[in-house]
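One structure is given below, encoded as structure tokens.
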Amino acid sequence: MKNLGRYILAFLSCLLLDGVFFCMAYNVHHYSFILEEKNFTRLCVEKPILTVNGIFPGPTIHVRKGDRAYVNVHNHADYGVTIHWHGVKQPRNPWSDGPEYITQCPIKPGKNFTYEVIFSDEEGTLWWHAHSDWTRATVHGAIVIYPDVGVMPNYTYDAEEVIILGDWYKENLTALVDYAASVGVDPVPSDSYTINGQPGFPNNCSNETTYALTVQEGNTYLLRIVSAVMNTEMFFGIAEHNLTVIGQDGAYVSKFNTSYIMITPGQTMDVLFTADKSLGNNYYMAAFPFSDSDAPFDQANTSALVVYDTSTTPSASITPFPHLPLPNDSNAAISFTSQINNADTINLDAKFDERIIITVSANQLPCDLDECDGPRGNRLSTSLNNVSYVSTSVDILQAYTSGMSIYGELPHDPPYPGTNWTDISPSDAPSYIFPSQATKILTIDFGKSIEIVYQGTSIGNPENHPLHLHGYSFYVVGTASGNFTEEAYQKHLNLENPPKVNTIGVPKNGWIAIRFVADNPGVWFMHCHFERHVTLGMATALIVTEGENADEKMLPRPTGLPECSA
């Protein structure tokens with residue numbers, strides 16, 4: 001495997017416990033991220049974008065399981081930025097998790113901050129991205145986590161490639177977001193999607209710059225696929241090639257074959273394919289949008305080329321696009337996700353300590369401006385348990401550790417008991433459509449076994465919502481359409497081999513149940529990974545209290561944390 005020469009030094013620590021030496025060894029890596037604006041040309045237009053080290057997408061971080069990375073982020077932009085290490089649990093270390101005004105304040109222009117990224121049981125592919133405003137549109141990159149030295153996974157491959165799905169906006173994205181906020185609507189959709197930073201065919205001015213993956217006939221390739229797309233789920237496939245899914249979100253899944261995948265913003269997937277077709281041909285890999293919503297979305301396609309080594313130019317014979325599902329094909333999306341199970345037999349305990357039920361809704365708020373362009377003259381909003389999250393000027397972690405009272409407790413159950421959340425009639429909607437606005441979080445005692453049931457609702461504009469929880473991976477123990485009931489839960493319960501992920505799609509007008517043990521103390525953000533929805537309030541934070549033992553408490557506050565004051 002390539003790029004393993006990045007190790008800077010090795011760390012070895014040994015403890016004497018009960019007369020026995022226990023040693024922990026991990027490699028330490030050092031990276032420098034320079035955040036600065038650079039001009040890029042896409043879709044016939046040149047524009048400046050915020051980049052890391054001058055490239056788009058940004059650099060890939062390579063580590064082994066259990067390693068540690070120190071990333072010194074230098075902010076040369078003219079606004080504050082933070083970086084999040086998506087899917088890295090950061091045990092006891094929320095200080096370096098990164099979400100703006102949750103665990104830190106932004107790194108100010110001209111300043112720098114070194115993140116300590118602590119890896120634990122993750123293995124496979126994760127990613128990093130900016131976590132302030134909409135800067136993750138261009139500030140993102142992959143994290144490749146290899147197994148321990150000498151440990152071989154249960155699959156083989158000849159080479160690997162990172163494939164990052166993203167978006168491209170012709171206009172200044174900050175201006176688009178600011179304008180949308182001023183009139184109470186969603187920002188306009190992107191102008192194209194990208195594969196490794198390139199829109200590809202059939203987008204304007206894109207054929208000559210289309211990303212190409214050169215393959216050798218007969219070799220097997222591991223694609224490390226990251227969805228950095230801002231607001232749309234995607235179907236992905238390679239023309240005339242089968243795919244084998246082996247991992248998701250830094251964990252292994254039970255291998256299965258498919259002609260396409262469906263991936264939500266925030267998710268990663270490890271996929272194998274074998275170059276078993278004719279020499280002299282090129283084959284398109286492509287990504288099409290999936291949207292089960294009535295909201296506008298970018299309906300463009302993006303593509304790249306799989307080039308067999310005897311094909312010397314992209315003008316060689318090209319097979320048509322892969323046959324991917326239509327953008328509104330919910331059955332195809334469900335058919336794919338229903339095949340994902342854990343690679344191992346887990347056999348979770350049927351009992352848990354606390355169940356939290358959270359409704360996930362698109363809402364509206366009364367217009368507090370002269371004029372709003374949302375439905376019925378209102379402005380758009382989103383909520384969890386009918387509370388639309390309000391950001392603070394001091395981060396929640398600082399407030400929690402210093403005893404500042406700037407937040408309340410999010411209800412652990414939805415309002416209006418007995419409601420069928422997937423069958424709310426228009427005449428009932430006014431009772432549900434306006435959420436409260438507040439900074440509310442969930443407090444969870446250390447060590448508890450927690451089950452969260454996310455319930456999609458028919459309020460406003462129902463659709464699938466990708467929910468991401470920082471600081472944890474969790475098991476998906478059940479999902480179905482309709483209103484959550486105990487009968488439906490028992491019917492769809494999977495405790496034997498539930499997939500272990502960090503980002504899941506809450507189905508349109510349906511529910512999904514997840515499990516985890518609250519063994520990582522700190523403040524951890526939980527939010528929709530549609531950027532338009534988290535901006536509108538579909539978010540909260542989990543405060544997991546500290547345990548009694550030293551290894552059940554947060555690590556000490558690091559020096560150099562960005563200041564919150566102006």
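Below, each value reflects all heavy atoms present in this structure, side chains not excepted, and no hydrogens, waters or symmetry copies.
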Salt-bridge present (E122, K89; N to O < 4.0 Å) = yes

request  = Tell me yes or no: between the side chains of T209 and Q198, is some donor less than 3.5 Å from an acceptor?
outcome  = yes

ask   = What is the distance from atom OG1 of T457 to atom NZ of K508, rounded to the nearest 0.5 Å?
value = 11.5 Å

query = Side chains of N363 and S383: is there a donor and an acceptor less than 3.5 Å apart?
reply = yes

query = Any side-chain heavy atom of I195 sitting closer than 4.5 Å to one from I164?
reply = no

request  = Decide whether E240 and Y284 meet the rule of one side-chain donor and one side-chain acceptor closer than 3.5 Å.
outcome  = no

task = Please determine, by modelled atom types, if Y146 and E160 share a side-chain donor-acceptor pair under 3.5 angstrom.
result = yes

request  = Find out whether V88 and D97 are in side-chain contact, i.e. whether some heavy atom of one side chain is under 4.5 Å from a heavy atom of the other.
outcome  = no

4.5 Å side-chain heavy-atom contact, I61 and F33 = yes

query = Taking the side chain from N203 and the backbone from G200, do they hold a donor-acceptor pair closer than 3.5 Å?
reply = yes

query = Once you round to the nearest 0.5 Å, how far does CD of E463 lie from OG of S330?
reply = 11.0 Å

query = Are the aromatic rings of Y283 and Y308 close, with centres under 6.0 Å apart?
reply = yes

query = Does Y31 reach the side chain of P59, with side-chain heavy atoms less than 4.5 Å apart?
reply = no

task = Indicate whether the side chain of N502 and that of S473 have a donor and an acceptor atom separated by less than 3.5 Å.
result = no

task = Take L324 and F236 through the side chain to side chain contact (heavy atoms under 4.5 Å, CB included) test and state the conclusion after the steps.
result = CA-CA 7 Å; L324 294 176; F236 172 92; 5.7 Å; no

request  = Just say parallel, tilted or perpendicular for the rings of H129 and H86, cut-offs at 30° and 60°.
outcome  = tilted

task = Show the numbers, then the answer: is there a side chain to side chain contact (heavy atoms under 4.5 Å, CB included) between F530 and S293?
result = CA-CA 13 Å; F530 286 157; S293 165; over 6 Å; no

ask   = If you measure from CG on D270 to CD on Q248, what distance do you get to the nearest 0.5 Å?
value = 9.5 Å

key: Side-chain donor/acceptor of T382 to backbone N/O of G537, under 3.5 Å   = yes

message = With a 6.0 Å cut-off on the ring centroids, do H131 and H470 count as close?
response = yes

request  = Over all heavy atoms of both residues, which pair between L50 and L35 is shortest? Give the atoms and the distance, please.
outcome  = CD1-C, 4.2 Å

message = Looking only at the aromatic ring of each residue, does the gap between the centers of H140 and H84 stay below 6.0 angstrom?
response = no

ask   = Any side-chain donor-acceptor pair under 3.5 Å between H468 and H527?
value = no

key: Euclidean distance, I107 CD1 relative to I83 CD1, rounded to 0.5 Å   = 6.5 Å

ask   = Closest approach of P265 and V229, non-hydrogen atoms and distance?
value = CB-O, 3.2 Å

Exercise: identify the closest heavy-atom pair between G54 and F40 = O-CZ, 3.7 Å

message = Are F235 and F288, when compared by the centres of their aromatic rings, separated by less than 6.0 Å?
response = no

remark   = Correct closest heavy-atom pair for A77 and P109 would be O-CB, 3.1 Å

query = So how far is it from L272 CG to Y157 OH, rounded to the nearest 0.5 Å?
reply = 9.0 Å

message = So if I apply the ring pair (Phe, Tyr, Trp, His ring centres under 6.0 Å) rule between W85 and each of W127, Y115, F119, Y70, which one comes out positive?
response = Y115

key: Shortest non-hydrogen contact between R136 and M230, atoms and distance   = NH2-O, 3.2 Å

message = Could you measure the distance from the CE atom of M526 to the CG atom of L467? Nearest 0.5 Å is fine.
response = 6.5 Å

request  = Would you check, one step at a time, whether the test side chain to side chain contact (heavy atoms under 4.5 Å, CB included) holds for D249 with K500?
outcome  = CA-CA 8 Å; D249 285 3; K500 186 180 184 182; over 6 Å; no

remark   = For T422 and G510, the nearest pair of non-hydrogen atoms, with its separation, is CG2-N, 4.2 Å

message = Would you say N257 and T244 are linked by a side-chain donor-acceptor pair, where the criterion is simply a distance under 3.5 Å?
response = yes

message = A side-chain contact here means heavy atoms from C-beta on lying under 4.5 Å apart; do Q216 and D158 qualify?
response = no

key: S381 versus S388, side-chain donor and acceptor atoms under 3.5 Å   = yes

query = Cation-pi between K47 and W168: NZ/CZ under 6.0 Å from ring centre and within 45° of the ring axis?
reply = yes

ask   = Taking atom types as modelled, is there a side-chain donor on D298 or S190 under 3.5 Å from an acceptor on the other?
value = yes

ask   = Hey, is R379 close enough to D368 for a salt bridge, meaning N to O under 4.0 Å?
value = yes

query = So does R532 pair up with D186, basic N to acidic O under 4.0 Å?
reply = yes

ask   = If we only count heavy atoms from C-beta on, is the C528 to P466 side-chain gap below 4.5 Å?
value = yes

task = Answer yes if the side chains of Y193 and T232 hold a donor-acceptor pair under 3.5 Å, and no otherwise.
result = yes

query = Quick check, are the ring centers of F256 and F336 under 6.0 angstrom apart?
reply = yes

N464-D292 side chain donor-acceptor pair, cut-off 3.5 Å = no

task = Walk me through it: do V245 and V253 pass the test side chain to side chain contact (heavy atoms under 4.5 Å, CB included)?
result = CA-CA 8 Å; V245 180; V253 303; 4.0 Å; yes

